[in-house]
Enquirer: 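Here you go, one structure.
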Protein chains: 2
Amino acid sequence: MAKTNLKLVEVDYASEGEANCKALGQIFERIGDKWTIMIVGALSRGPMRFNTLQRSIPGLSHKMLTTTLRGLERDGLVTRTAFATIPPRVDYELTEQGRSLHEPLLTLASWARSHQDYIEASRKSFDERAAE
Amino acid sequence: MAKTNLKLVEVDYASEGEANCKALGQIFERIGDKWTIMIVGALSRGPMRFNTLQRSIPGLSHKMLTTTLRGLERDGLVTRTAFATIPPRVDYELTEQGRSLHEPLLTLASWARSHQDYIEASRKSFDERAAE
DNA sequence: CTGAATCCGTCGAGATACTG
DNA sequence: CAGTATCTCGACGGATTCAG
């Protein structure tokens, strides 16, 4: 039953010392951010301008985009390069480290995709059972 | 530069049709939940009682645990079995599908772990630069 | 022990309007 | 076009209390 490659399991999140757990939590907070995943996904195909980025992600507001981008920049996962043209133009691009995040996220996306139907069905049946 | 196994890339989150993007968002909303990751991680080692589970995850409140567990149960990722003993006892256990989630999460945790230092350093230097 | 329900403070996120 | 600032509102999370 998916015993996995045990070599990887040195990590074992949510079990180690509290300090470590807390540190990992910091990271997960960024990754878990609703938009981070989408933005990294979009940028994985190359640098993008602010507006292009926003339009490529439905439902992402102006504000949330800037906020999330700041966070990613702070974490060294994205670089921001501004051109002093007029009108202004700003390109965002994944750093080496940012690109390395893409792969794990793909794994997750792949999981999500392949379990999407199952989950939807589970929810439906659960809700029906709950509505007695 | 980590060209990845391109076989997996059929997914390409955050780029496909809006409908699909929205559906995946539903899933990410669950995964992105601050506690889901931790709980799945804890349960990956076997069934657990409510209280044991809570104590194994620092900072997790009574309420959040029940809420998150309900969600996971609804999604068919966790089963809940109650024993009519006294005092009552309830075991939570990952389903087959729930266990399958563990692997992607490990990948992510592994990434987090190996980039933890880099990110922390980036944040620090960013904050210093910002404090002019 | 498990868990539902209530109250309540806090924070996140949208909308809007304004600079460069 | 890119970004900041302010305001407001609603949702989420914690603490507490009650029930089985």
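So that the names make sense, note that chain A is the first sequence line, chain B the second, and so on, each numbered from 1.
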Enquirer: Is it the case that B:Ser125 and B:Arg129 place a side-chain donor and acceptor less than 3.5 Å from each other?
Expert: yes
Enquirer: Assign the ring pair B:Tyr118 / B:His115 to parallel, tilted or perpendicular, where the plane angle (0 to 90°) is split at 30° and 60°.
Expert: perpendicular
Enquirer: Measure the distance from CD1 on B:Ile86 to P on C:dG3 and round it to the nearest whole Å.
Expert: 15 Å
Enquirer: To the nearest 10°, give me the bend of the helix from C:dC1-D:dG20 to C:dG20-D:dC1, comparing the axes of its five terminal pairs at either end.
Expert: 40°
Enquirer: Would you say A:Arg49 reaches D:dC1's phosphate, i.e. side-chain N/O to OP1/OP2 under 4.0 Å?
Expert: no
Enquirer: Starting at CZ of A:Phe83 and ending at C1' of D:dC1, how long is that distance when rounded to a whole Å?
Expert: 13 Å
Enquirer: Do any N or O atoms from the side chain of B:Thr36 and from the backbone of B:Gly32 form a donor-acceptor pair under 3.5 angstrom?
Expert: no
Enquirer: Round to a whole Å and report the spacing from CG of B:Leu69 to P of C:dT2.
Expert: 11 Å
Enquirer: Please report the distance, rounded to the nearest Å, between CD in B:Glu29 and C1' in C:dG12.
Expert: 14 Å
Enquirer: Just N and O in the side chain of A:Arg70: are any of them under 4.0 Å from OP1 or OP2 of D:dG3?
Expert: yes
Enquirer: Give me, pair by pair, the N or O atoms of the protein and of nucleotides 14-17 of chain C that are less than 3.5 Å apart, along with how far apart they are.
Expert:
residue : atom : partner : partner atom : Å
C:dG14  : OP2  : A:Ser61 : OG           : 2.8
C:dG14  : N7   : A:Lys63 : NZ           : 3.4
C:dG14  : O6   : A:Lys63 : NZ           : 2.6

Enquirer: So if I take every side-chain heavy atom of B:Pro88 and compare against D:dG20, D:dC1, D:dG3, which nucleotide ends up nearest?
Expert: D:dG20
Enquirer: What's B:Tyr92 touching, base or sugar-phosphate or nothing? Going by heavy atoms closer than 4.0 Å.
Expert: sugar-phosphate
Enquirer: Without decimals, in angstroms, what is the distance between B:Asp33 CG and D:dC12 P?
Expert: 10 Å
Enquirer: Answer yes or no: is there an ion pair linking B:Arg70 with B:Glu73, defined by an N-O contact shorter than 4.0 Å?
Expert: yes
Enquirer: Before you tell me yes or no, could you show the steps for A:Arg99 and A:Glu96 under salt bridge (charged side-chain N to carboxylate O under 4.0 Å, His left out), namely the whole-Å CA-CA distance, both residues' side-chain angles and the distance that decides it to 0.1 Å?
Expert: CA-CA 5 Å; A:Arg99 277 191 297 275; A:Glu96 172 74 26; 3.3 Å; yes
Enquirer: Check for me, please, whether B:Leu94 and A:Phe126 land in the same ILVMFWY cluster - side-chain distances under 4.5 Å, paths through other members count.
Expert: no
Enquirer: When the distance from CD1 of B:Ile57 to P of D:dG14 is rounded to whole Å, what number comes out?
Expert: 13 Å
Enquirer: Can B:Val40 be reached from B:Val90 by stepping across I, L, V, M, F, W or Y side chains whose heavy atoms are under 4.5 Å apart?
Expert: yes
Enquirer: Using the closest heavy atom to pick a nucleotide of DNA chain D for each, name whichever of A:Arg55 or A:Thr66 lands nearer the 5' end.
Expert: A:Arg55
Enquirer: Looking only at heavy atoms, which two atoms of B:His62 and B:Gln54 are closest? And how far apart?
Expert: N-NE2, 3.3 Å
Enquirer: Determine, using the 4.5 Å side-chain heavy-atom cutoff (strictly less than), whether B:Met48 and B:Ile57 are members of one ILVMFWY cluster.
Expert: yes
Enquirer: Separation of A:Asp91 atom CG from D:dA2 atom C1', in whole Å?
Expert: 12 Å
